[in-house]
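Step one of this worksheet: look at the structure below.
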Amino acid sequence: MFDGKLIVFSAPSGSGKTTLVRHLLKQKDLNLDFSISATSRAPRENERDGIDYYFISTEEFKKRIKQGDFLEWEEVYRDNFYGTLKREVERIWNLGKHVIFDIDVVGGLDIKHIYPERTLAVFVKPPNIEELKIRLKKRGTESEDRINMRIAKASVELATAPQFDHVIVNEDLDTALGEAEDLVRDFIR
Ligand code: 5GP
């Protein structure tokens with residue numbers, strides 16, 4: 001029987017984990033599919049429903065929490081709920097693929113605790129907080145206020161790194177991409 005795995009990439013916002021996850025998804029031999037999270041935040045200009053996220057209202061989100069539809073969920077920023085639907089993981093395993101997650105630190109550790117053996121939990125570290133600030137500003141998707149909120153959260157998140165199976169320091173992107181590929185290839189073998 002297919003032994004579906006869970007690959008978690010968690011990091012402070014702006015650490016480059018999304019780039020790593022996208023790169024891994026392109027490696028067809030890894031047999032990965034992206035876990036599309038549900039969120040109550042508004043879509044950014046380039047984001048599409050059902051591809052980047054399942055965009056739902058806060059009300060709908062709360063209803064689904066009550067129904068027990070989530071494997072894990074969190075109010076990552078105030079009034080911005082994010083969560084992994086149980087159905088999403090089943091969908092991917094049913095395709096005969098491993099699930100890869102781009103989620104926050106708390107959610108990532110929740111998944112590791114729910115499925116300790118089946119999960120590879122990787123923490124992606126920015127070289128330092130200054131660099132994180134620069135990257136978030138460059139990305140230009142968030143207001144100054146929101147950037148500061150994300151930076152404040154990052155310091156707390158960095159402290160959780162030792163709880164992960166592996167830490168990748170994203171200083172040089174190519175090196176980080178290679179490390180990520182090796183880790184995943186090793187784990188699913
Ligand atoms: P963004 O608003 O930049 O897309 O995401 C904000 C944060 O929420 C990121 O750290 C992202 O990884 C995290 N996130 C996205 N989906 C989920 C999820 O399903 N669960 C949890 N716990 N965090 C998530």
Side-chain angles (χ1 to χ4, degrees), residues 6-25 32-58 60-62 64-65 67-92 99-115 119-126 129 132-133 135-161 163-164 167-168 170 176 180:
L6 303 163
I7 313 289
V8 169
F9 273 79
S10 294
S13 177
S15 306
K17 71 175 180 304
T18 304
T19 311
L20 290 177
V21 168
R22 288 205 184 124
H23 170 84
L24 291 170
L25 281 163
L32 303 173
D33 200 3
F34 180 64
S35 166
I36 304 164
S37 298
T39 184
S40 68
R41 82 148 161 74
R44 295 181 186 134
E45 212 170 286
N46 57 341
E47 288 178 329
R48 283 158 303 167
D49 184 43
I51 293 181
D52 301 286
Y53 280 109
Y54 299 115
F55 292 102
I56 60 179
S57 65
T58 306
E60 172 76 15
F61 202 107
K62 289 182 175 163
R64 302 198 67 166
I65 294 173
Q67 286 173 192
D69 291 351
F70 288 104
L71 185 61
E72 62 79 35
W73 65 270
E74 227 205 315
E75 191 174 4
V76 176
Y77 306 105
R78 200 157 70 86
D79 284 337
N80 283 188
F81 290 86
Y82 297 81
T84 305
L85 292 161
K86 291 176 185 164
R87 265 219 326 245
E88 181 65 5
V89 172
E90 282 157 19
R91 174 183 77 78
I92 296 172
V99 188
I100 186 163
F101 299 86
D102 174 348
I103 68 180
D104 98 313
V105 165
V106 178
L109 290 173
D110 280 348
I111 288 180
K112 178 75 191 171
H113 292 141
I114 298 168
Y115 293 107
T119 304
L120 171 72
V122 182
F123 187 92
V124 185
K125 226 178 183 169
I129 293 272
L132 197 65
K133 232 182 247 178
R135 288 184 194 176
L136 281 172
K137 280 195 181 143
K138 236 195 234 161
R139 189 164 86 182
T141 53
E142 253 72 31
S143 64
E144 183 85 21
D145 259 13
R146 291 203 162 243
I147 288 178
N148 288 335
M149 196 162 80
R150 283 177 188 237
I151 297 288
K153 190 167 182 270
S155 310
V156 180
E157 288 168 333
L158 283 172
T160 68
Q163 295 177 57
F164 283 75
V167 176
I168 292 180
N170 188 10

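Order of listing sets the numbers, starting from 1, for every ligand and every atom in it.
- Taking every heavy atom of Tyr77 and a limit of under 4.0 angstrom, the matching atoms of ligand 1 come to 6 (C).
- Ranking protein heavy atoms by distance to atom 9 (C) of ligand 1, first place goes to Lys17 NZ, 3.9 Å.
- A salt bridge links Arg91 and Glu88; the closest N-O separation between the charged side-chain nitrogens and carboxylate oxygens is under 4.0 Å.
- No more than 12 heavy-atom neighbours from other residues, nucleotides or ligands sit within 6.0 angstrom of CZ on Arg146.
- Ring orientation note: the planes of Phe81 and Trp73 are tilted relative to one another, at an angle of 30° to 60°.
- Each of Val89, Leu120, Ile92, Leu71 was scored for a side chain to side chain contact (heavy atoms under 4.5 Å, CB included) with Leu6, with one residue passing: Val89.
- A salt bridge does not link Arg41 to Asp79: none of the charged side-chain nitrogens sits closer than 4.0 Å to a carboxylate oxygen.
- The shortest N or O to N or O distance between Tyr82 and ligand 1 is under 3.5 Å.
- Under 4.0 Å is where a charged nitrogen must lie from a carboxylate oxygen, and between Lys153 and Glu157 at least one such pair does.
- In this structure, atom 7 (C) of ligand 1 lies nearest to the protein heavy atom Val76 CG1, 3.9 Å.
- Which of Ser15, Ser37, Ser10 comes nearest to atom 17 (C) of ligand 1 through a heavy atom is settled by distance: it is Ser37.
- The neighbour count for Arg44 CZ, taken as heavy atoms of other residues, nucleotides or ligands under 6.0 Å away, is above 12.
- Between Tyr53 and ligand 1 there is a heavy-atom distance shorter than 4.0 Å.
- Taking OG1 from Thr84 and OH from Tyr54, the interatomic distance works out to 11.0 Å, rounded to the nearest 0.5 Å.
- Taking only nitrogen or oxygen atoms, main chain and side chain alike, Arg41 reaches within less than 3.5 Å of ligand 1.
- Looking only at heavy atoms of the protein, atom 13 (C) of ligand 1 is closest to Asp104 N, 3.5 Å.
- Atom 20 (N) of ligand 1 has as its closest protein heavy atom Glu72 OE2, 2.7 Å.
- Taken to the nearest 0.5 Å, the CD1 atom of Ile103 stands 7.5 Å off from the CG atom of Asp110.
- Of the N or O atoms in Arg44, one or more lie within a sub-3.5 Å distance of an N or O in ligand 1.
- Contacts of Asn80 with ligand 1, taken as heavy-atom pairs under 4.0 Å, are absent altogether.
- Cation-pi geometry between Lys112 and Phe164 is not met: the NZ or CZ atom fails to fall both under 6.0 Å from the ring centre and inside 45° of the normal.
- Within the 4.0 Å heavy-atom criterion, the part of Arg150 lying near ligand 1 is the side chain and not the backbone.
- Considering backbone and side-chain N/O of Gly83, one or more are found under 3.5 Å from N/O of ligand 1.
- Proximity to Thr84 (heavy-atom distance under 4.0 Å) selects the following atoms of ligand 1: 19 (O).
- Using a 4.0 Å cut-off between charged nitrogen and carboxylate oxygen, Arg78 and Glu75 do not count as a salt-bridge pair.
- Distances below 4.0 Å separate heavy atoms of Gly107 from the following atoms of ligand 1: 22 (N).
- Close approach to Asp102 involves these atoms of ligand 1, each under 4.0 Å from a residue heavy atom: 12 (O), 15 (C), 16 (N).
- Taking every non-hydrogen atom of Glu74 and a distance limit under 4.0 Å, the qualifying atoms of ligand 1 come out as 22 (N).
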